2 protein chains.
Amino acid sequence: MRASDAAYTALQDEILEGRLAPGTVLGEVGQSERLGVSRTPIREAFSRLVAAGLAIQQPGRGTVVSDISLEDVDRLFEVRIPLETQAAGLAAQRGTPEVFAGLAEEFRHAQEAPEAESHYKLAARMDEAIDTSVGNRYLSTMLANLRVHLIRVRRLAKDQPQRLAESAAEHRDICLGIASGDPQMAEAATSLHLRRSLAYISELRRTEPVPSP
Amino acid sequence: MRASDAAYTALQDEILEGRLAPGTVLGEVGQSERLGVSRTPIREAFSRLVAAGLAIQQPGRGTVVSDISLEDVDRLFEVRIPLETQAAGLAAQRGTPEVFAGLAEEFRHAQEAPEAESHYKLAARMDEAIDTSVGNRYLSTMLANLRVHLIRVRRLAKDQPQRLAESAAEHRDICLGIASGDPQMAEAATSLHLRRSLAYISELRRTEPVPSP
DNA sequence: CTGAGGTTTTCTGTATACACCGTGAAGTGT
DNA sequence: ACACTTCACGGTGTATACAGAAAACCTCAG
């Protein structure tokens, strides 16, 4: 493992988990001392953080953790909905039906016993299956970039068990649509799922406008 | 101007212009001597090239200029069509109609005297107007990443004057759709333009499968 | 002539030293 | 008392030196 990779992974995890709050100023020397590596790998890690959108470089002040709020959810979904819809449609055309039929079955089980950790694990496997089925590196890269930010959003909108069960059912519909080989069905199921997710988060935002002062 | 920025700009230009052919191995020491800077800025430039998808890091061999072919056009458009369609629709909802009405007028003039340089300049201005109208940094970032690759594709598919005139007319339709404030009209015009562009490039590929041995 | 093993060379990854810029604070002059 | 200037400190940007590893080449044996 390269030191720069380790530094990037550590910093990314801390930002995604909220341990490094938005607005925190990251100094090269400070982080190099804290993580026990030289400034060179830290610089590379900072560059990658900026490229991923997790931090921004302010001239003269240094690198600061980028801000994320529930307001960004709308803008994230404006990109996510068309991209994931397209991905699902292409997966329906090119994927192996048995793979997604199996995933649908797993989501059926997950629907009965909603649990956040395993749910997101399973959803990640579905995303991976779609990625490999589509076989488009440009699409995969963009979706990967998006998912990093979605992890931060997920922290802001803590899911309730009821929503998790609904989400599992919607994921199952997506898998069934892909397995059936019908692009429009897969696209419709994906669009429905994402719009319901967005509606759920928007409802949360309306209920409690400020989750953390 | 930082040395790392200069190095990145120089390398990006050379890759986009084809002076650095795909498959070329870029050594840190070689490029540092050629560009007259140290290895440190070169390393940062390489990282940005890899992040942009213009180069890939092969373990042990170094950084090589990524391959681009007419086969990639299909995959690029699989991402471009949904993203640009979404952007046009959002611009129709949020943009200033007068701006796009003015752009439509400019495209009408460009349609009468097709010229590649000014055409792409004008198209870039339209993209910029859409970006600012939408006001979504995630969408803007992804479109910017895409456009880098589209420049390389443009080199492979040299436009004929007839196609340029058609393209100007299609751009004009997009601007008129956005100016009218009708998202669906803007989306339809965008989808039509992109699909016709793709069809034109696909026709080129069918005609001359190997543009450069 | 071919293959395997060793050596050499060149590469990247990391650490560190130095220079420059920007900012902030303190002191002085008005 | 306020404002302006200057000095100092911390920061990033860049250069370079060193270590480890991998690949290519050369040599020797079969």
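All of these numbers come straight from a predicted model, not from anything done at the bench. Letters go in sequence order (proteins before strands), and every chain restarts at 1.
With sequence neighbours left out, the side chain to side chain contact (heavy atoms under 4.5 Å, CB included) criterion links B:R155 to no other residue. In terms of the side chain to side chain contact (heavy atoms under 4.5 Å, CB included) criterion, B:T132 has no residue partners (sequence neighbours excluded).
Seen from the ring of B:F77, B:R80 counts as a face-on cation partner, given the 6.0 Å and 45° thresholds.
Taking the six-membered ring where tryptophan is involved, the planes of A:H119 and A:F107 are perpendicular, since the angle between them exceeds 60° and thus also 30°.
Rounded to whole angstrom, the span from the CD atom of A:E33 across to the C1' atom of D:dG10 amounts to 12 Å.
Taking the side chain as every heavy atom from C-beta outward, B:V65 and B:I56 never approach each other to under 4.5 Å.
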* Structure fact -> B/S/- along nucleotides 7-18 of chain C (protein heavy atoms under 4.0 Å) is ----SBBBBBB-
